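Here the structure is laid out as structure tokens; the discussion comes afterwards.
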Amino acid sequence: MENEVVSRNFIEQIIDNDIEDGHCKKVITRFPPEPNGYLHIGHAKSILLNYGLSQKYHGQFNLRFDDTNPTKEKEEFVESIKSDVEWLGAKWHGDVLFASSYFTQMYEAAVKLIKKGKAYVCDLTPEQIREYRGTLTQPGKESPYRNRSVEENLELFENMKNGVYEDGAKVLRAKIDMASPNINMRDPIIYRVAHITHHRTGDTWCIYPMYDFAHPIEDAIEGVSHSICTLEFEDHRPLYDWVVKELEYENPPKQIEFAKLYLNNVVTGKRYIKKLVEDGIVDGWDDPRLVSIAALRRRGFTPESIKMFVDLVGVTKSQGAVEYPMLEYCIREDLKQKASRMMAVLDPVKLIIDNYPEGQVEYMEVPNNQENPELGTRKVPFTKELYIEREDFMEEPPKKYFRLFPGNEVRLMNAYFVTCVDYKKDANGNITEIHCTYDPQTKGGNFAGRKVKGTIHWVSVSEGVNVEARLYENIVDEEKGVYDEETGEINLNPNSLKVVKNCYVEPALAKANAQDKFQFVRNGYFCADVKDSIEGKPVFNRIVSLKSSFKLPV
RNA sequence: UGGGCUUUCGCCAAAUGGUAAGGCACUGGAUUCUGAUUCCAGCAUUCUGGGGGUUCGAGUCCCUCAAGCCCAGCCA
């Protein structure tokens with residue numbers, strides 16, 4: 001019985017209090033993306049946080065598209081966002097919701113404010129509005145249109161709705177305080193004119209609500225109890241509360257801000273990614289080197305590993321950046337038991353067993369995962385000629401090198417003990433073949449007679465299959481830092497993608513389907529690529545290498 | 001030089017005035033048919049950005065200084 005006390009994060013503490021004092025009867029959270037781009041790992045934190053809270057408190061989680069600005073939004077993105085949220089395992093309540101479904105209610109809410117004398121139509125130009133707003137250190141000044149009568153405002157606002165005015169000619173503003181030290185409270189614009197076709201409402205509207213006005217209304221309509229967003233909205237909370245109060249909602253939602261998830265040495269900025277795509281440096285928004293949800297999925301990360309990661313990172317208000325190895329830890333941890341452990345040689349050199357019968361194929365029965373018997377066993381063909389890793393042989397080994405070298409005996413994993421008797425080199429001094437003898441009584445690799453320090457993996461030359469594998473490094477040059485100080489551009493790592501064409505894998509791997517994940521013994525975890533794998537000819541992306549404490553002395 | 005927020009080990013993060021959890025990373029060592037995994041040990045010995053104060057007692061309260069992040073879109 002585990003009696004461990006798990007401390008609650010600050011949001012849970014707020015919710016606990018709200019429940020305790022009766023302010024909150026049902027916890028309703030939401031993930032409110034604008035459909036204007038692809039989701040990345042940072043959004044995963046928000047999704048999982050909001051969904052997790054709804055689960056923990058037996059409440060409800062909504063997926064709502066915040067589509068109040070048709071100039072930036074596309075249907076394409078609502079589809080990709082939906083599939084990303086789904087993939088992460090966050091099940092939203094009922095139908096997908098859209099802010100645009102509430103346009104009528106928002107319009108009515110605006111009318112209500114006008115009637116209360118809390119909003120007015122302003123004719124100032126964008127330049128003038130900026131000027132009147134003041135600066136960070138100086139208060140703003142009031143618009144000359146600020147004291148129009150309720151009747152006039154009502155008429156003007158209706159005209160705005162009816163398309164009487166050009167884009168930018170007039171806006172509706174909340175009447176708050178032009179001298180507020182918080183710039184968001186200096187009579188913020190709550191409605192603008194925009195003659196644009198909306199991806200869902202078409203041409204029904206030519207005025208659209210601004211975020212600060214729309215968002216609290218959306219939350220209130222849906223009965224959201226806790227509206228969780230990121231730190232940059234802290235300054236907006238007084239306005240959020242103002243809207244909710246003036247509109248007199250019964251159970252006003254509460255906005256809570258938390259710190260975004262940043263990864264060290266990782267690029268998430270839209271414009272940078274866009275440039276990488278345009279420059280052909282990556283093959284799309286789902287290039288496995290990126291950290292969009294789609295990219296992580298393609299790379300081979302599992303939803304479980306992402307969940308583990310955000311849980312490990314925690315929820316606070318202090319902004320920081322997590323190190324990438326934490327994410328790597330999570331996927332290794334998740335795949336450790338789940339993935340079959342197969343043999344694949346990434347940098348092959350031929351090993352010939354001189355005393356093994358020519359043409360013979362022996363099938364070795366091997367467990368798919370030593371730590372998880374449920375994964376069963378498979379048969380791996382063994383022959384006279386094999387491929388082994390080039391780095392598993394050295395002519396002149398340093399101390400404590402216990403792989404293959406002249407005169408040394410090692411275990412071929414799951415097969416036999418072999419002893420190196422000879423090797424051949426080409427004119428350039430590269431090893432071309434290694435000759436060994438094997439000991440038949442060591443079959444299967446279990447032999448009580450002798451101990452052997454090294455175990456290496458192998459693939460049969462005649463039975464193995466040639467595939468392509470891709471090895472990744474950070475797309476950013478970590479030595480130089482993410483951004484070039486002068487140009488502001490990304491410092492690219494020229495070695496971020498290594499394509500290995502002559503990778504040899506055991507036959508079972510040829511049958512891998514897209515997204516299947518394996519451990520390639522001693523080489524890391526790999527995932528069959530969704531885009532480039534074809535039937536019988538998978539392409540493997542390395543998700544993450546295995547940890548290694550082995551280093552050659554220098 | 002206005003306002004808001006943040007500051008606990010290299011990174012993330014607990015501690016809710018009672019004497020600095022945990023994870024990642026790292027370092028040793030044991031086990032091992034993956035130099036993986038697993039295991040065991042070490043990793044802020046008066047220390048919580050600095051300096052004051054209150055208190056029997058402060059990372060937690062007060063004052064003050066400093067540093068970092070965010071805000072002047074008819075973006076979200």
Side-chain angles (χ1 to χ4, degrees), chain A residues 4-9 13 32-34 36 66-69 71-73 122 124-126 129-131 133-140 167-173 180-186 188-194 207-208 210-212 214-215 229-238 257 259 261 264 309 311-330 332-333 336-337 341 343 366-367 370-371 400-403 410-415 417 444-447 452-457 519-524 545-551:
Chain A
E4 207 174 324
V5 178
V6 179
S7 60
R8 302 158 304 159
N9 66 47
Q13 294 180 31
E34 183 185 24
N36 69 345
D66 210 356
D67 54 350
T68 56
N69 181 7
T71 60
K72 301 171 79 173
E73 297 150 6
C122 181
L124 255 26
T125 65
I129 287 184
R130 193 186 319 130
E131 203 182 305
R133 186 154 36 219
T135 67
L136 294 177
T137 51
Q138 294 166 312
D167 290 6
K170 282 182 168 53
V171 292
L172 183 70
R173 297 229 247 166
S180 172
N182 181 345
I183 293 183
N184 295 302
M185 299 300 269
R186 318 237 262 231
I189 295 167
I190 58 179
Y191 255 100
R192 78 281 220 182
V193 177
I207 54 170
Y208 294 94
M210 298 288 289
Y211 168 86
D212 283 313
H215 209 86
C229 61
T230 44
L231 250 25
E232 69 268 30
F233 291 102
E234 265 178 319
D235 289 343
H236 295 243
R237 189 177 353 120
E257 313 84 13
L261 170 60
N264 259 321
F309 179 62
D311 285 348
L312 242 38
V313 167
V315 181
T316 66
K317 283 175 81 89
S318 62
Q319 76 308 356
V322 179
E323 289 171 338
Y324 194 80
M326 185 114 92
L327 220 202
E328 295 187 319
Y329 163 79
C330 293
R332 288 191 189 108
E333 193 66 16
K336 189 164 62 191
Q337 306 282 333
R341 301 171 180 186
M343 291 195 285
V366 320
Q370 299 270 17
E371 294 177 52
K400 300 238 272 207
Y401 182 85
F402 37 81
R403 277 112 99 144
V410 300
R411 170 167 38 233
L412 291 174
M413 188 177 278
N414 301 306
F417 287 13
N446 304 301
F447 182 61
V452 98
K453 195 81 170 121
T455 300
I456 65 176
H457 58 99
Q519 181 189 127
F520 286 3
V521 146
R522 301 209 299 144
N523 276 319
S545 63
L546 258 27
K547 287 183 67 165
S548 173
S549 59
F550 171 68
K551 35 195 174 294

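To find a chain, count down the sequence lines: A is the first, B the second, and so on, and within it residues start at 1. Small disclaimer: the values here were computed from a predicted structure and weren't measured.
In this entry the base of B:G73 is syn relative to its sugar, with a glycosidic angle within 90° of 0.
Atom NZ in A:Lys317 sits about 17 Å away from atom P in B:C12, given to the nearest Å.
Between A:Thr455 and B:G35 there is no side-chain polar atom (N or O) within less than 4.0 angstrom of OP1 or OP2.
For the C1' atom pair drawn from B:U8 and B:A67, the interatomic distance equals 16 Å after rounding to whole Å. Nucleotides B:U1 and B:U64 place their P atoms 14 Å apart, quoted to the nearest Å. For the C1' atoms, the distance from B:G51 to B:G23 is 33 Å, rounded to whole Å. Here the separation of B:C40 from B:C47, taken at their P atoms, is 31 Å to the nearest Å. Atom name C1', nucleotides B:G4 and B:A72: the rounded distance is 14 Å, in whole Å. The same atom, P, is picked in B:A14 and in B:C61; the two are 15 Å apart, to the nearest Å.
Picking from B:G68, B:U34, B:A72 the nucleotide with the shortest atom distance to the side chain of A:Arg130 gives B:A72. Counting only heavy atoms from C-beta on, A:Leu136 has its side chain closest to B:G2 among B:C70, B:U34, B:G2.
Side-chain to base pairing of A:Lys72 with B:C75: one donor and one acceptor N or O lie within less than 3.5 Å of each other. Side-chain atoms of A:Asn182 and base atoms of B:G4 include no donor and acceptor less than 3.5 Å apart.
In this structure, B:A66 and B:U7 make a Watson-Crick or G-U wobble pair, each of the two defining distances being under 3.5 angstrom.
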